[in-house]
Amino acid sequence: MNFEQFNLDPRILAGVSAAGYTTPTPIQQQAIPVVMAGKDILGLAQTGTGKTAAFALPILQRLLKGHTRKIRALIVAPTRELAEQIHQSFIEYGRNTKVRSLPIYGGVSKVNQVNELRRGVEVVVGCPGRLLDHIGDRTIDLSEIEVLVLDEADRMCDMGFLPDIRKLLSHLPKQRQTLFFSATMPEDIRQLSHDILTDPVTVQIGQIAPAHTVSHALYPVTDGLKNKLLFAMLEKTATGRVIVFTR
């Protein structure tokens, strides 16, 4: 199977090709046709399975028609890193379109975000807290949202964002398509999915476990030895690229 079989606009296919993708992942194969059909999705998938493209590509397809410079798609993510990653994916896949994306999260100036919102964007990728700040300041208009994506909903719950998410939902149109992605389904997340999804299609990729390409290891170490351990691991590990997350 290839991406041409989804009947995506040639401009989007060109972006996919430029990103180096040729064969859809399992979640993309299952989710893209459902999203393009306008149905709600309950997606159970781990990070690393390709779910960003699974919702970004059909959203871009949808946004090629209709009003421009109006926020029509809202993607909510738990962290600024994930929000930025999703935003960059929209830029990459939509490079040949005129669809504009804007990341909105805390830790940076709200002024620049407000200026970009005034210029007009079709996609907003944001974290709950900063999105609510803009709603409180009346600097963002979410009244024309057509598609809502909650990505890594269980992580947002773990981080205490569930009340913020429910508050955010109260500011969105009730008539919308909702795409709900989570790696696990604790009871509060299951209840949230029941509350916001309408007759959803469930897409589950593999078991509720990390992607097969991901391995985990835990090294208990004192603060004073963390850097030495990291440098030793980097010297002995055969890898070309490394991302180090710190708190």
Side-chain angles (χ1 to χ4, degrees), residues 2-3 14-29 31 43-57 75-95 101-109 112-113 123-131 149-161 181-186 189 203-247:
N2 53 44
F3 285 95
V16 172
S17 178
Y21 302 143
T22 56
T23 304
T25 66
I27 193 170
Q28 292 162 6
Q29 292 178 24
L44 299 174
Q46 289 283 341
T47 296
T49 54
K51 66 179 181 295
T52 299
F55 61 76
L57 297 180
I75 294 87
V76 184
T79 65
R80 58 186 292 176
E81 292 82 9
L82 181 57
E84 188 64 38
Q85 175 186 318
I86 296 170
H87 163 65
Q88 293 299 329
S89 293
F90 271 95
I91 291 177
E92 190 170 32
Y93 306 144
R95 64 175 65 191
S101 172
L102 175 66
I104 289 183
Y105 45 72
V108 296
S109 170
N112 292 336
Q113 295 172 356
V123 179
V124 164
V125 187
C127 299
R130 179 54 64 91
L131 286 169
V149 181
L150 291 182
D151 195 13
E152 300 198 4
D154 51 349
R155 286 186 64 196
M156 285 192 273
C157 177
D158 290 342
M159 296 170 70
F161 283 136
F181 292 95
S182 184
T184 60
M185 286 295 286
I189 291 299
V203 176
Q204 180 171 340
I205 302 304
Q207 300 299 315
I208 303 303
H212 73 279
T213 55
V214 177
S215 62
H216 289 93
L218 174 65
Y219 298 87
V221 61
T222 61
D223 285 344
L225 295 177
K226 283 184 178 180
N227 287 346
K228 290 183 179 179
L229 175 61
L230 174 61
F231 295 144
M233 292 173 63
L234 292 176
E235 290 175 356
K236 295 181 179 180
T237 303
T239 182
R241 298 180 181 179
V242 176
I243 301 177
V244 179
F245 293 93
T246 65
R247 185 178 302 184

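Thr184 places none of its side-chain heavy atoms less than 4.5 Å from the side chain of Ile189. Taking 4.5 Å as the limit, some side-chain heavy atom of Leu131 sits within range of a side-chain heavy atom of Val124. For the pair Glu152/Met159, no side-chain contact is recorded, criterion being any heavy-atom separation below 4.5 Å from C-beta on. Phe3 places a side-chain heavy atom less than 4.5 Å from the side chain of Leu57.
Qualifying side-chain contact (heavy atoms from CB on, under 4.5 Å) partners for Ala83, counting only residues two or more places apart in sequence or in other chains: Ala77, Tyr105, Val125, Cys127. With sequence neighbours left out, the side-chain contact (heavy atoms from CB on, under 4.5 Å) criterion links Asn2 to Glu4, Gln5. Looking at residues two or more places apart in sequence or on another chain, you find no ring pair (Phe, Tyr, Trp, His ring centres under 6.0 Å) involving Phe90. Residues meeting the side-chain hydrogen bond (donor to acceptor under 3.5 Å, both in side chains) test with Ser101, sequence neighbours left out: His87. Scored by the salt bridge (charged side-chain N to carboxylate O under 4.0 Å, His left out) test, Arg80 finds no partners at all (sequence neighbours excluded). Taking the side-chain contact (heavy atoms from CB on, under 4.5 Å) definition, one finds that Ser109 meets it with Val111, Asn112, sequence neighbours left out. Listed by chain and residue number, Ile104, Val108, Lys110, Arg130, His134 satisfy the side-chain contact (heavy atoms from CB on, under 4.5 Å) test with Gln113 (two or more places apart in sequence, or in another chain).
The backbone N or O of Leu44 lies less than 3.5 Å from no partner atom in the side chain of Gln204, so there is not a single donor-acceptor pair. Of the possible donor and acceptor atoms, one in the side chain of Thr79 sits under 3.5 Å from a partner among the backbone N and O of Leu82.
Closest approach of Pro24 to Gln29, counting heavy atoms only: O-NE2, 3.1 Å. In this structure, Pro128 and Met156 approach most closely via the heavy-atom pair CG-SD, 4.0 Å. Looking at every heavy atom in both residues, Tyr93 comes nearest to Ala53 through OH-CB, 3.6 Å. Smallest separation of non-hydrogen atoms from Pro26 and Ile205: C-CD1, 3.8 Å.
To the nearest 0.5 Å, atoms OG1 (Thr49) and CZ (Phe181) are separated by 8.5 Å. A distance of 14.5 Å separates NZ in Lys236 from CZ in Phe231, rounded to the nearest 0.5 Å.
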task: Start with the C-alpha distance between Asp151 and Phe55, add both sets of side-chain angles, then the distance that settles side-chain contact (heavy atoms from CB on, under 4.5 Å), and finish with yes or no.
output: CA-CA 10 Å; Asp151 195 13; Phe55 61 76; 4.1 Å; yes
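Applying the salt bridge (Lys or Arg N to Asp or Glu O under 4.0 Å) test to pairs two or more places apart or on separate chains, none has a residue in residues 82-94.
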All N/O donor-acceptor pairs, side-chain side in residues 217-229, below 3.5 Å, sequence neighbours left out:
unit_1, atom_1, unit_2, atom_2, d
Asp223, OD1, Lys226, NZ, 3.3

